[in-house]
Number of protein chains: 2
Amino acid sequence: MHPVTKVSIRHLSKAARFVPKAGVYPQGFKVGGIHCGVKKDGHSFDLALLQNTFGKEATAAAVFTTNKFKAAPVQVSSKILKEKHGSGINSLVINSGNANAVTGAQGIKDAEDMVIVTDSVCENPKNSTLVMSTGVIGNNLPIDKILTGIPKLALSNLGDSHEHWINCATAICTTDTFPKLVSKQFTIGEDTYTLAGLCKGAGMICPNMATLLGFFVTDAPVSASALQQILKYSVDRSFNSITVDGDMSTNDTIVAIANGAAGGELIDNNSSCAERYARLQAEITSFAQQLAQLVVRDGEGATKFITIRVKDAVSYLEAKNIASSVANSSLFKTAMYGKDANWGRILCAIGYANAQNVIPEKTSVKFIPTDGSEHLELLVNGEPEVVDEARASQILELEDLEIEINLGTGAGQEATFWTCDLSHEYITINGDYRS
Amino acid sequence: MHPVTKVSIRHLSKAARFVPKAGVYPQGFKVGGIHCGVKKDGHSFDLALLQNTFGKEATAAAVFTTNKFKAAPVQVSSKILKEKHGSGINSLVINSGNANAVTGAQGIKDAEDMVIVTDSVCENPKNSTLVMSTGVIGNNLPIDKILTGIPKLALSNLGDSHEHWINCATAICTTDTFPKLVSKQFTIGEDTYTLAGLCKGAGMICPNMATLLGFFVTDAPVSASALQQILKYSVDRSFNSITVDGDMSTNDTIVAIANGAAGGELIDNNSSCAERYARLQAEITSFAQQLAQLVVRDGEGATKFITIRVKDAVSYLEAKNIASSVANSSLFKTAMYGKDANWGRILCAIGYANAQNVIPEKTSVKFIPTDGSEHLELLVNGEPEVVDEARASQILELEDLEIEINLGTGAGQEATFWTCDLSHEYITINGDYRS
């Protein structure tokens with residue numbers, strides 16, 4: 001424990017701690033962001049664009065919200081992606097400040113026009129653009145401003161520098177307190193590839209300001225079907241393993257794009273490239289987790305970053321359901337906010353999770369201190385431990401907390417979930433949002 | 001609208017508004033409550049007893065928590081009820097202040113001892129008592145105090161007056177701000193029957209102080225199987241249709257007891273008494289709803305009482321899932337706290353509910369003002385209305401709010417859910433509980 005360091009780190013702004021000062025970006029992509037006039041303050045960035053400049057068509061994959069009230073851009077993008085079987089997607093255009101959700105026929109037309117204008121300016125074949133929106137629900141887009149903004153952005157404000165990527169990440173933010181951008185390089189065999197991605201979201205922030213948008217791009221060569229399969233796997237273990245308030249928005253979208261600009265053999269989902277596929281899947285999954293964790297860091301009112309690790313379950317799904325149940329419990333989250341070692345709340349949420357194979361007598365729970373010090377057992381094989389409250393308080397002072405739940409089934413499956421605490425500030429943000 | 005009246009009503013304490021000054025109680029039951037020493041303040045009531053004094057064995061039914069971590073009294077009571085097939089249950093003994101949950105073999109023995117001593121003092125045949133506990137998790141009961149308290153309560157503090165019933169309701173409270181007691185008389189054909197019931201709970205209040213306990217008794221003659229079936233039906237539509245924070249405790253139990261002291265023909269669940277059965281089911285269901293609504297009124301930090309009515313769904317289950325989804329949305333609940341007519345949050349929670357048959361273009365949502373004034377449409381057949389914000393604010397000033405969601409499926413099924421808002425006070429209560 002280094003309490004002095006901890007305190008000083010915590011008081012640095014999140015932007016200073018979590019926004020990278022530099023990055024490494026994949027070949028053959030340009031990005032950017034500008035203010036086009038959707039946001040009413042007259043200066044905040046609200047339009048983002050990504051363009052594949054490699055000269056060969058990229059493959060793309062996406063996962064969308066399962067909410068029945070799907071926003072217009074979700075409907076339009078999923079239709080394009082389906083029609084093109086994940087090939088030939090070269091642009092992404094995203095506005096923030098207005099979600100284009102519950103906007104009727106006009107909303108669909110506006111989303112389609114964003115695609116048409118982007119394709120035209122970027123000299124893409126027809127329907128090569130996916131579109132996303134985030135912001136207020138139920139109002140039509142100020143579509144003229146957006147359609148005027150797209151050429152301005154595409155022709156004069158795209159690039160591949162760190163600053164361009166930061167601009168792009170900033171332009172998709174709504175009530176986020178910092179732009180969320182991650183990049184990294186990795187090798188598969190002899191080949192070196194690069195991944196860069198960004199996302200936004202800070203709780204569903206109300207359906208007025210819809211949650212999760214994100215994309216990541218790589219210069220690795222990946223077939224459309226392999227990319228979709230890897231995206232699904234990685235999103236299950238990243239964006240679908242985080243919660244701020246348990247609400248799922250009308251606009252959630254994560255897109256992956258691969259242009260193959262860094263060369264090497266095509267990574268497909270057949271047996272002949274199983275090893276390269278597995279490597280890529282592992283790299284993308286840990287990358288997506290890094291990105292998703294930034295959303296939890298920026299959770300509305302959050303003062304804690306909490307990892308819930310469920311071990312030795314009968315299946316990944318049961319492990320995840322249990323982790324999710326604890327991560328979504330308002331009582332658990334308020335206890336963490338209050339720095340209260342209230343293991344009963346953890347146990348209770350395990351007990352009502354959607355999981356058949358929980359045996360109280362085999363269940364153990366402990367705190368894993370994130371400063372590397374000795375862990376603290378709370379429950380061992382269903383028997384409550386006599387907890388040293390002073391030690392528990394010491395652990396709960398840390399900003400980053402970790403709970404390990406071991407189900408003792410012998411089957412060894414596990415899952416991890418990330419959540420934040422539930423604070424007074426969350427109520428203030430969401431109770432007073434529109435006033 | 002009578003704003004002056006409204007304001008003055010709201011400022012009366014909930015105890016003054018929701019605790020009855022008198023009641024009408026079923027024949028052949030005695031009840032009471034005393035302080036026996038579980039609660040540490042030295043005076044708060046913490047032991048309750050109900051005794052069937054009719055001289056004929058009563059029938060009983062119960063529903064218990066489905067949490068995997070079932071408290072000892074839940075395990076013991078469900079075993080007794082099963083062994084006796086719902087007949088010959090003559091006593092209920094309940095302590096508050098300690099939940100006897102996650103207490104191992106000693107916990108089971110303590111719960112069994114409470115049954116043995118109650119049966120002995122009340123001169124019951126063996127295993128004629130059901131036992132419940134509510135309070136702190138993970139500590140063994142101060143069993144000597146309870147076993148000493150039972151004879152004191154059974155022999156000198158039982159009665160059938162309004163005061164005895166209030167004492168009994170008070171003795172099962174934990175952090176409840178008022179005792180929850182309801183009674184009423186009704187007729188089936190020529191016969192007049194009486195129902196009285198009480199419950200406790202104010203949110204899961206943390207698994208330290210477990211949620212929902214309740215029971216109701218009647219002097220109507222009901223077979224054990226009819227009583228179990230009616231209890232299940234009524235609890236689905238009452239205690240299982242309320243939420244404060246979505247957490248389900250280790251101790252939840254609702255018991256129904258019928259002693260037949262008021263005479264009349266036996267009400268069974270066969271075709272020959274279908275009409276009397278239906279009448280009793282309707283009476284018990286609306287009674288259970290009244291009781292359950294008191295829990296929402298006393299929700300931790302609650303400033304609003306909110307009714308969510310879902311109409312024209314394809315099934316009761318889908319209607320209930322949608323109502324539950326809205327009622328549990330933190331974003332919706334904070335919006336109601338903030339008096340914000342944020343219909344997007346309602347829509348969003350409908351969209352992610354576990355229900356197949358939601359068609360956005362057929363969905364309508366409105367506020368039904370509880371002062372009898374004109375309703376306010378928010379969404380009509382999927383099209384957002386231009387909402388008069390001043391009028392919306394007027395409606396949201398009321399303490400009691402009602403949301404009507406019409407799914408327009410043509411199948412006409414409906415369900416109702418009750419919830420409260422999510423306030424700063426909830427965070428304070430649950431974040432700081434143990435400090």
Side-chain angles (χ1 to χ4, degrees), chain A residues 65-70 101-104 136-138 203-208 210 245-250 328-331 334-335 337-345 347-353 355 358-360 363 379 382-384 422-424 426-435, chain B residues 65-70 101-104 136-138 203-208 210 245-250 328-331 334-335 337-345 347-353 355 358-360 363 379 382-384 422-424 426-435:
Chain A
T65 180
T66 57
N67 197 302
K68 298 279 193 314
F69 291 86
K70 289 185 208 316
V102 200
T103 43
V136 181
I137 267 190
M204 198 189 70
I205 281 189
C206 72
N208 273 354
D245 51 20
D247 274 273
M248 180 209 289
S249 97
T250 49
N328 278 301
S329 160
S330 295
L331 289 169
T334 47
Y337 174 59
K339 302 171 190 172
D340 182 354
N342 201 326
W343 56 266
R345 296 184 182 184
L347 218 66
C348 187
I350 299 169
Y352 64 70
V358 174
I359 301 160
T363 305
L379 187 83
E383 290 292 327
L422 176 57
S423 70
H424 285 110
Y426 176 88
I427 309 289
T428 301
I429 294 170
N430 284 297
D432 309 342
Y433 179 66
R434 305 198 321 172
S435 50
Chain B
T65 181
T66 57
N67 197 301
K68 298 278 192 316
F69 291 86
K70 288 185 208 318
V102 199
T103 43
V136 181
I137 267 191
M204 197 190 70
I205 280 188
C206 70
N208 273 354
D245 51 21
D247 275 272
M248 180 210 288
S249 97
T250 49
N328 278 302
S329 159
S330 295
L331 289 168
T334 47
Y337 175 59
K339 302 170 189 171
D340 182 356
N342 200 327
W343 56 266
R345 296 184 183 184
L347 219 66
C348 186
I350 299 169
Y352 65 70
V358 174
I359 301 160
T363 305
L379 187 83
E383 291 291 327
L422 176 56
S423 70
H424 285 110
Y426 177 87
I427 307 289
T428 300
I429 294 170
N430 284 296
D432 310 341
Y433 180 65
R434 304 199 320 172
S435 49

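Closest heavy-atom contact between B:Ile350 and A:Phe69: CG2-CE1, 3.9 Å.
Residues meeting the side-chain contact (heavy atoms from CB on, under 4.5 Å) test with B:Lys70, sequence neighbours left out: B:Thr65, B:Val74, B:Gln75. Taking A:Thr103 as the reference, A:Asn100 meet the side chain to side chain donor-acceptor pair (under 3.5 Å) condition, with sequence neighbours excluded.
Taking CG of A:Asp340 as the reference point, atom CG of A:Leu331 lies at 11.0 Å (rounded to 0.5 Å).
Residue A:Ala101 does not touch chain B at all, counting heavy-atom pairs closer than 4.5 Å. For a residue to count as touching a neighbouring chain, one of its non-hydrogen atoms must lie under 4.5 Å from one of that chain's; by this rule A:Leu379 touches chain B with the side chain only.
Annotation: maximal heavy-atom pairing with chain A below 4.5 Å, among B:Pro360, B:Ala353, B:Ser423, B:Pro384, occurs at B:Pro360.
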